[in-house]
Amino acid sequence: RKAIEGLVALSEDGCSPISIQQMAYVAGVGFGLMSGAFSMINLLADSLGPGTVGIHGDSQLYFLTSAFMTMVVIFLHTFWGILFFHGCEHRRWWEIAAVVVMHLAVSGSTFCNPLYVGSLVPSYLLMAAAATWAYLLSGGSAQNLRRFLLCKS
């Protein structure tokens, strides 16, 4: 709310140039991209050695699954930003707690590695649930989604 007040003070017409939903989306995408960048930098550092993962009996899927995990985390941060902002804006503390629990669940699922199915499948299922929830909270509907998929106006 303080950010909105600051944007209103800086605008020429006295209106906020960005809505809460847009701010939530931008914050989620920004945080997701930063998280993904750090994840990929760590992955590249692992690939330089001195011992490279996957050579002596380790899983050859390490780099591929790390890329897919990075992708899901970027999307999840975007959806979590929307859910978290909505929870703060409407004082629904259980939504904020749900975001924290989902974050801990995805982070904790990586303890199942090197059984990569144990971390990727639950993370993608959680991403689908968070995407649906964020879509509905943002004002989306099944009818709008159907129109979009069928390219109807």
Side-chain angles (χ1 to χ4, degrees), residues 1 3-4 17-153:
R1 290 184 181 160
I4 293 290
I18 187 170
S19 69
I20 292 290
Q21 290 84 8
Q22 291 170 329
M23 193 179 304
Y25 179 74
V26 168
V29 169
F31 195 76
L33 290 176
M34 286 187 296
S35 173
F38 278 101
S39 178
M40 291 311 294
I41 288 171
N42 288 335
L43 185 64
L44 292 173
D46 286 344
S47 70
L48 293 177
T52 303
V53 177
I55 292 179
H56 298 291
D58 293 329
S59 174
Q60 299 294 320
L61 300 175
Y62 174 72
F63 294 107
L64 183 64
T65 55
S66 294
F68 278 108
M69 194 64 179
T70 299
M71 181 177 66
V72 77
V73 167
I74 290 171
F75 282 124
L76 278 170
H77 276 100
T78 303
F79 304 138
W80 289 337
I82 294 167
L83 298 173
F84 197 88
F85 268 68
H86 187 269
C88 289
E89 187 68 21
H90 295 280
R91 297 187 185 273
R92 295 184 180 162
W93 306 115
W94 61 271
E95 288 181 354
I96 297 169
V99 169
V100 172
V101 168
M102 283 190 282
H103 195 291
L104 291 173
V106 170
S107 298
S109 73
T110 60
F111 289 131
C112 295
N113 294 341
L115 178 65
Y116 295 114
V117 176
S119 62
L120 281 176
V121 172
S123 297
Y124 273 85
L125 292 174
L126 202 58
M127 183 191 70
T132 304
W133 190 9
Y135 178 72
L136 294 174
L137 285 182
S138 299
S141 67
Q143 183 180 10
N144 289 345
L145 185 61
R146 187 172 48 253
R147 285 182 186 163
F148 171 74
L149 293 175
L150 297 175
C151 298
K152 294 183 179 179
S153 58

Point-to-point distance, once rounded to the nearest 0.5 Å, from CD1 of I96 to CZ of R91: 9.5 Å

Is any side-chain heavy atom of S39 closer than 4.5 Å to a side-chain heavy atom of V73? no

What distance separates L149 CG from N144 CG, expressed to the nearest 0.5 Å? 11.0 Å

Where do A98 and W133 come nearest, in terms of heavy atoms and distance? CB-CH2, 3.8 Å

Rounded distance (nearest 0.5 Å) linking atom CZ of F79 with atom OG of S138: 9.5 Å

With heavy-atom distances below 4.5 Å as the criterion, would you say the side chains of H103 and V100 are in contact? no

I74 to G32 - nearest heavy-atom pair and separation: CG1-O, 3.2 Å

What pair of heavy atoms forms the shortest contact from S123 to V106, and how long is it? OG-CG1, 3.8 Å

Residues A24 and I82: closest non-hydrogen pair is CB-CA, 3.9 Å

Is the number of heavy atoms from other residues, nucleotides or ligands within 6.0 Å of CZ (F85) greater than 12? yes

Hey, what's the ring geometry for H77 with W80, parallel, tilted or perpendicular (30° and 60° as the breaks)? perpendicular

Mind listing the closest non-hydrogen atom pair of M102 and L126 along with its distance? O-CD2, 3.7 Å

Could you pull out the closest heavy-atom pair between H86 and L137, with the gap in Å? CE1-CD2, 3.5 Å

Do Y135 and L145 have side chains that get closer than 4.5 Å, going by heavy atoms? yes

Flag side-chain contact, heavy atom, 4.5 Å: T110 against M69: yes

Got more than 12 heavy atoms from elsewhere within 6.0 Å of OH, Y124? yes

Any donor and acceptor pair, going by atom type alone, linking the side chain of S35 with main-chain N or O of F31 inside 3.5 Å? no

Would you say the side chain of E95 lies within less than 4.5 Å of the side chain of L83, judging by non-hydrogen atoms? no

